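Everything below concerns the one structure shown next.
As the structure is a prediction and not an experimental result, all values here were calculated from the model.
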Amino acid sequence: KLSYPYSAYAAVVVDAEDFGQIPKRTYLIRGLKIKVPTNYFPADELNRTTGSRRTTASYTRNVTSGADAGSVQDWDGNFRGDLDTYTFSSVNYNKVFCDNPVWIMYDMLTNTRYGMGQFVEKENIDKYELFRLAKYCDEEVPDGNGGVEPRFTCNIYFAESGEATTVLKQLASVFHGMGLWANGEFTVTADQPKQPVALFSKANIINGQFTYEGTGDRVRTNQVKVTWNDPEDNYRQSTEYVEDYENIAEIGKIIRSEQLAFACTSRGQAHRMGKWKLLSEKNERETVTFETGQNAIGLLPGQVIGIQDADRDRISYAGRVSNTGTRSTTVIPLDRTISLPTYDAAFPPELVLMYPKGGAYRIDDFATIGGVDYVKGDLIGSITTSAAAANEDANIEWSEDFRTETKIITTSAGNVSSLTVSSAFSETPETEAIWALKLYNADGSLKVGTIKEYRIIAIKEDEGKFSIAGSEYHREKFA
């Protein structure tokens, strides 16, 4: 007799002879159905062919017919359930249940009833960056119990309204990320494997000065108490402890921090969050700040940069490409003569060049794309747009305004004013482009003085000057 708009309800009949009062009830629900990409099958969606529910997410959905194509399909940029694109009769109309945190965030951004759709136009959302990150969340990883599970899932219900920025921060914390408003768009970034997109040295910062700060060993966490919701205990809160046993034994005490695994219903995911926090604090001990000019336009928090500090390392292995001498894709003239040290043939030095143009990078160790083999960090020249990078069936990082390229040096050791590389850069660098060296010890470790990687955590513009703050970046932690 009553109407309950936008609600699902359950009716339960009990016998008053058995219950002195209305009993407490709990329900396991799949929750709201949301928009997802047209080529996407979320985990748990009903397979209409077999009648069973899917156990894993996949990107094999035909964007027109809705059938499972059996192979990864390109995304057309549209969403299932988008009324601006499809009619009610279309197979692509139906929204679906989905526990991928990125698409839950997209729903909160675009929904006009309970989200921010009245204030955020969907045209102002970088959907292809969201798509790349969503695939990273869906990637299966060991669950710690002999099986595999998605890297990040999000299972939460909001009992009451909250501040928009608070809700977005909570959702972004699921995938160790943040939401950003940049270049007129809402975009996201996450702490994940990335390649440096820009280089900085005394040659392109104001006053040639980097400022560093570090953390003391005595305040560094060696135990993380992670709170999550255990489905085997009726989704009550549970605690997962993650410890750095070596450090506890070394200093003889426990330094604990507490971490809420927001919307987490997987012990494996909670454990990975604890390990991420421990390894970040253990290996990323240093922050750097510096000022630079217009060459920083387009850089965003979350991107990785390379820094070569001649003052700190007492050696200069960076500068600008000279406007004199032979300059090609394989021969790079330097702005001065440098002393190239003797090197082991097994670990030759590498030249890194910075280009003021976008590009796509390979994140994983190896992939074949368009018949060409690529390894981690390689620039993929055949990919020239954000959409193409998002649709590639491989882990690809897209940088809109900057890129770096790395090539092996074949020039012999000694005093040199130009460097020759074993394979060609994608194009001849402009004069004044930034270069830097990566040099290796006989065991393959990086030498002192080579570029060091930092992740941008803040960037601020003031009258044409850009102040950048970065934290030490330790890519090995992701494995």
Side-chain angles (χ1 to χ4, degrees), residues 189 191-215 280 283-321 332 334-336 338-341 349-356 359 361 376-377 379 397 399 401-407 409 419 429 432-441 445-461 465-478:
T189 183
D191 189 16
Q192 64 183 112
K194 295 181 178 181
Q195 293 298 318
V197 299
L199 301 174
F200 290 95
S201 68
K202 291 174 69 68
N204 62 341
I205 67 170
I206 296 174
N207 297 325
Q209 183 177 0
F210 296 99
T211 302
Y212 302 92
E213 290 186 7
T215 59
S280 295
N283 298 292
E284 299 174 347
R285 307 181 180 188
E286 186 177 77
T287 61
V288 62
T289 57
F290 60 94
E291 287 187 331
T292 186
Q294 300 292 327
N295 53 302
I297 292 177
L299 284 177
L300 298 173
Q303 289 183 317
V304 176
I305 58 175
I307 289 178
Q308 201 283 317
D309 188 349
D311 290 336
R312 186 185 201 190
D313 300 323
R314 297 293 187 268
I315 192 166
S316 178
Y317 283 142
R320 292 184 179 270
V321 174
I332 311 299
L334 309 180
D335 52 354
R336 65 190 184 281
I338 64 170
S339 177
L340 186 65
E350 295 174 326
L351 175 63
V352 186
L353 290 181
M354 173 176 154
Y355 290 84
Y361 297 91
K376 183 185 296 184
L379 178 75
E397 176 191 359
S399 175
D401 300 302
F402 297 90
R403 73 170 189 258
T404 61
E405 296 183 37
T406 303
K407 298 295 181 182
I409 295 172
L419 295 171
E432 305 298 323
I434 300 297
W435 62 267
L437 299 185
K438 293 181 74 173
L439 303 171
Y440 298 90
N441 295 308
S445 61
L446 288 171
K447 280 189 175 183
V448 173
T450 192
I451 57 175
K452 187 174 181 179
E453 295 178 352
Y454 293 84
R455 183 168 58 94
I456 298 175
I457 55 177
I459 183 167
K460 180 181 178 181
E461 181 185 8
K465 294 181 180 179
F466 288 83
S467 299
I468 297 177
S471 64
E472 194 172 358
Y473 182 69
H474 185 75
R475 65 176 65 251
E476 288 77 9
K477 73 180 180 183
F478 296 107

**Prompt:** Are any of the side-chain nitrogens in Glu405 or Lys407 under 4.0 Å away from the carboxylate oxygens of its partner?
**Reply:**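 Salt bridge: no.
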
To the nearest 0.5 Å, tell me how far [X] [atom1] sits from [Y] [atom2].
X: Ile305; Y: Lys194; atom1: CD1; atom2: NZ; result: 12.5 Å
X: Ile468; Y: Ile307; atom1: CD1; atom2: CD1; result: 8.5 Å
X: Leu340; Y: Leu351; atom1: CG; atom2: CG; result: 10.5 Å

**Request:** Evaluate the criterion side-chain contact (heavy atoms from CB on, under 4.5 Å) for residue pair Val288 and Asp309; output intermediate values, then yes/no.
**Result:** CA-CA 11 Å; Val288 62; Asp309 188 349; over 6 Å; no

**Request:** For Glu453, check salt bridge (Lys or Arg N to Asp or Glu O under 4.0 Å) against everything at least two apart and list the hits.
**Result:**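 Per chain and number, Glu453 pairs via salt bridge (Lys or Arg N to Asp or Glu O under 4.0 Å) with Arg475.
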
**Asked** Residues two or more places apart in sequence or in another chain: which of them pass salt bridge (Lys or Arg N to Asp or Glu O under 4.0 Å) with Lys452?
**Response**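 Applying salt bridge (Lys or Arg N to Asp or Glu O under 4.0 Å) to Lys452 gives Glu286, Glu472.
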
**Request:** Just grab all the ring-ring contact (aromatic ring centres under 6.0 Å, His included) pairs involving residues 293-313, residues at least two apart or on different chains.
**Result:**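 Qualifying pairs: none.
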
**Request:** Examine distances only and state if a side-chain atom of Thr404 and a backbone atom of Pro196 form a donor-acceptor pair shorter than 3.5 Å.
**Result:**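 Checking the backbone N and O of Pro196 against the side chain of Thr404, a donor-acceptor pair under 3.5 Å is found.
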
**Request:** Without swapping roles, check the side chain of Gln308 against the backbone of Gly449 for a donor-acceptor pair under 3.5 Å.
**Result:**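 Yes, Gln308 side chain to Gly449 backbone: donor-acceptor pair under 3.5 Å.
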
**Message:** For the CZ atom on Arg336, are there more than 12 heavy atoms of other groups (residues, nucleotides or ligands in this structure) within a distance under 6.0 Å?
**Reply:** yes

**Item:** Tyr355: ring-ring contact (aromatic ring centres under 6.0 Å, His included) partners, not counting sequence neighbours
**Value:** none

**Message:** Using the ring-ring contact (aromatic ring centres under 6.0 Å, His included) criterion, which residues pair with Phe200? Sequence neighbours excluded.
**Reply:** Phe290

**Message:** Whether Arg312 engages the ring of Phe210 as a cation-pi pair (distance to the six-membered ring centre under 6.0 angstrom, angle to the ring normal within 45°) should be assessed.
**Reply:**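 Here Arg312 fails the 6.0 Å and 45° test against Phe210.
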
**Asked** Quick one: salt bridge (charged side-chain N to carboxylate O under 4.0 Å, His left out) pairs with a partner in residues 198-214, sequence neighbours left out?
**Response** Lys202-Asp311

